[in-house]
A.B. asks: 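Below is the structure I would like to discuss, written out as structure tokens.
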There are 2 protein chains.
Amino acid sequence: MNVLIVEDDPLHRSYLNEAVRLALPECDQVLEAEDGSMGERLAREHRLERIVMDLQMSPRNGIEAARTIWRERPETRILFWSNYADEANVRGISRIVPDGAAYGYVLKSASDERLRLALRSIFIEAQCVIDREVRGMQQRSLGRLQGFTETEYEVLVDIALGLTDRVIAKRRNLSLRSVQNRLQQIYEKLGVYDRADAGAEARYNFRSRAVTEAFLRKLLNQTTLERAEQDLQEWLRRHARLLDDPKG
Amino acid sequence: MNVLIVEDDPLHRSYLNEAVRLALPECDQVLEAEDGSMGERLAREHRLERIVMDLQMSPRNGIEAARTIWRERPETRILFWSNYADEANVRGISRIVPDGAAYGYVLKSASDERLRLALRSIFIEAQCVIDREVRGMQQRSLGRLQGFTETEYEVLVDIALGLTDRVIAKRRNLSLRSVQNRLQQIYEKLGVYDRADAGAEARYNFRSRAVTEAFLRKLLNQTTLERAEQDLQEWLRRHARLLDDPKG
DNA sequence: CTCTGTCCTGCGGGAAACCGCATCTGATCT
DNA sequence: AGATCAGATGCGGTTTCCCGCAGGACAGAG
């Protein structure tokens with residue numbers, strides 16, 4: 001049984017190596033990769049099915065790497081090990097995990113024992129293990145208690161990409177007015193209106209303020225946007241003629 | 001001679017501790033703090049004048065902590081130890097460093113020897129040591145070769161805060177048209193126009209796209225914006241009446 | 001001195017954003 | 001069946017953004 005560690009920080013890498021060897025005595029070999037690309041290559045060449053993956057890496061980060069690895073071998077078991085539990089990462093992962101795949105999400109601040117249990121549960125028992133903090137965020141996010149609807153989130157990504165209301169309407173198959181209604185709800189949920197009351201008659205540009213709020217709350221991150229940018233470009237190529245129609 | 005380490009990651013903390021003891025045998029005691037607030041408190045209570053500081057921490061990050069520490073004792077020597085050399089951090093630090101203070105900026109990817117040299121240079125010789133990568137960014141940033149003018153950067157921050165052109169004009173003492181000119185230059189430098197040519201007649205909302213570009217290029221980060229937000233609120237309180245004037 | 005480049009300013013207009021009001025659908029609960 | 005609530009849509013109007021055109025202030029090079 002072999003395990004692959006994908007982590008750019010040398011200290012964390014050796015810590016993980018040690019943790020894996022202690023938690024999995026039945027493990028024969030522990031391989032290491034310094035970034036996502038190398039991780040993909042090693043996983044492919046050695047047919048590795050157990051991976052511990054850091055999320056924030058460059059040039060190719062954990063989600064991208066996991067995406068291609070899972071596309072090649074959906075039964076691969078991946079334990080994500082990350083500093084933060086931001087919504088963008090949680091959403092990103094839950095989108096790419098194949099049906100029935102065993103995976104996990106453990107924070108770097110977790111104790112050695114938590115990490116050990118996660119390693120054994122995922123790699124031996126093929127169970128899914130997700131840290132409580134992350135799970136709570138998942139609930140809030142998907143349960144829309146205080147989070148965003150799926151369409152609202154899509155619209156949020158679109159305005160971050162710099163799209164016009166009309167283009168968003170085209171793309172999401174909504175009317176112009178519906179998009180604007182989504183926007184107003186987004187503004188409310190992000191609390192962009194709060195200070196409008198306070199400071200006299202000061203009006204704000206809600207659209208760009210919403211984008212920064214989304215970044216600060218970690219609803220958006222680099223990975224999400226780069227992927228969304230690619231999707232957008234492809235959509236543009238395929239539906240360019242729609243945008244030429246002047247009356248929408 | 002005492003040294004304070006402010007770093008939230010336990011692994012990096014113990015690595016730094018080891019590095020400090022090896023590089024500075026004349027050091028009597030090495031204290032550790034897990035976040036910015038604790039760092040400030042320890043520095044104040046123990047009158048520590050040599051600090052190794054991580055940048056990205058929560059709840060209170062390195063720049064904020066360094067700001068208050070330097071305000072209390074400007075002669076404190078601080079070595080910033082960070083993962084990245086993004087423009088927001090470099091700008092942020094160069095704003096708060098007192099005249100004549102000895103400080104340094106070393107990347108976490110630097111070799112042990114580089115770190116050792118920096119520790120001795122700053123804490124013993126009171127020299128400034130800044131990694132080559134960071135220095136290069138400083139040049140580009142301040143030398144405006146490809147970077148931003150100071151006013152352009154201010155306007156960029158303002159639109160990220162969600163301000164209206166008119167409010168920005170008031171705040172920066174510019175005419176409305178000048179602000180819009182700054183904006184157009186920002187859009188060009190951020191490359192927001194590129195895709196406007198490509199995709200047929202597709203028009204974009206440059207303002208919000210510029211905000212995300214600034215985030216992705218790490219021109220903006222959480223610290224910068226939170227500080228800017230505070231400044232903005234104070235300015236609003238003091239100049240509320242200016243905004244009431246309808247004709248600007 | 002003149003030329004040139006950079007920065008600031010005003011005018012004007014087309015396009016988009018922001019938003020209140022009203023209608024219609026569909027799903028859920030009692 | 002009736003009530004209720006969330007979501008989608010259209011209309012109309014105000015505000016803001018985006019930007020081409022044109023002119024003035026100011027500094028440095030020839």
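A, B, ... follow the sequence lines: proteins, then strands. Residue 1 opens every chain. Note: hydrogens, waters and symmetry copies are ignored here, and every other heavy atom, side chains too, is used.
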A.B. asks: To the nearest Å, give me how far apart CG (A:N173) and C1' (D:dG7) are.
C.D. replies: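 The answer, rounded to whole Å, is 16 Å.
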A.B. asks: Write down the distance between CZ (A:R172) and P (D:dT9), rounded to a whole number of angstrom.
C.D. replies: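 Atom-to-atom, A:R172 to D:dT9, this comes out as 14 Å.
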A.B. asks: Does C:dC8 have OP1 or OP2 sitting under 4.0 Å from an N or O in the side chain of B:S175?
C.D. replies: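 So the side chain of B:S175 is outside the cut-off, no N or O lying under 4.0 Å from OP1 or OP2 of C:dC8.
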A.B. asks: Go through the steps for A:S178 and A:N181 under the test side-chain hydrogen bond (donor to acceptor under 3.5 Å, both in side chains), then give the verdict.
C.D. replies: CA-CA 5 Å; A:S178 297; A:N181 276 343; 5.6 Å; no
A.B. asks: Measure CG/A:L174 against P/C:dT25 and give the value in whole Å, please.
C.D. replies: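 These atoms are roughly 18 Å apart.
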A.B. asks: Sequence neighbours left out, what passes ring-ring contact (aromatic ring centres under 6.0 Å, His included) with B:F215? Give chain and number order.
C.D. replies: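 Residues passing ring-ring contact (aromatic ring centres under 6.0 Å, His included) with B:F215: A:F215.
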A.B. asks: What string of B, S and - do you get for nucleotides 12-26 of chain D, 5' to 3', if B is base contact, S is sugar-phosphate-only contact and - is no contact with any protein heavy atom under 4.0 Å?
C.D. replies: ----SSBBBB-----
A.B. asks: Please give me the minimum heavy-atom distance between A:V106 and A:A118, naming the atom from each residue.
C.D. replies: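 Looks like CG2-CB, 3.6 Å.
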A.B. asks: For B:N89 versus B:Q56, what's the shortest heavy-atom pair and its separation?
C.D. replies: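 It is ND2-OE1, 4.2 Å.
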A.B. asks: Let me know the distance between CD of A:E188 and P of D:dG7, rounded to the nearest Å.
C.D. replies: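 Spelled out: CD on A:E188 to P on D:dG7 is 12 Å.
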A.B. asks: Got B:L176 and B:I168 here, is their nearest side-chain heavy-atom distance under 4.5 Å?
C.D. replies: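 No, too far: nothing below the 4.5 Å cut-off.
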A.B. asks: Sequence neighbours excluded, which residues qualify as salt bridge (charged side-chain N to carboxylate O under 4.0 Å, His left out) partners of A:D131?
C.D. replies: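 Salt bridge (charged side-chain N to carboxylate O under 4.0 Å, His left out) check on A:D131 returns A:R114.
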A.B. asks: Between C1' on D:dA8 and CD1 on A:I168, what's the gap in Å once rounded to a whole number?
C.D. replies: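 So the two atoms are 16 Å apart, to the nearest Å.
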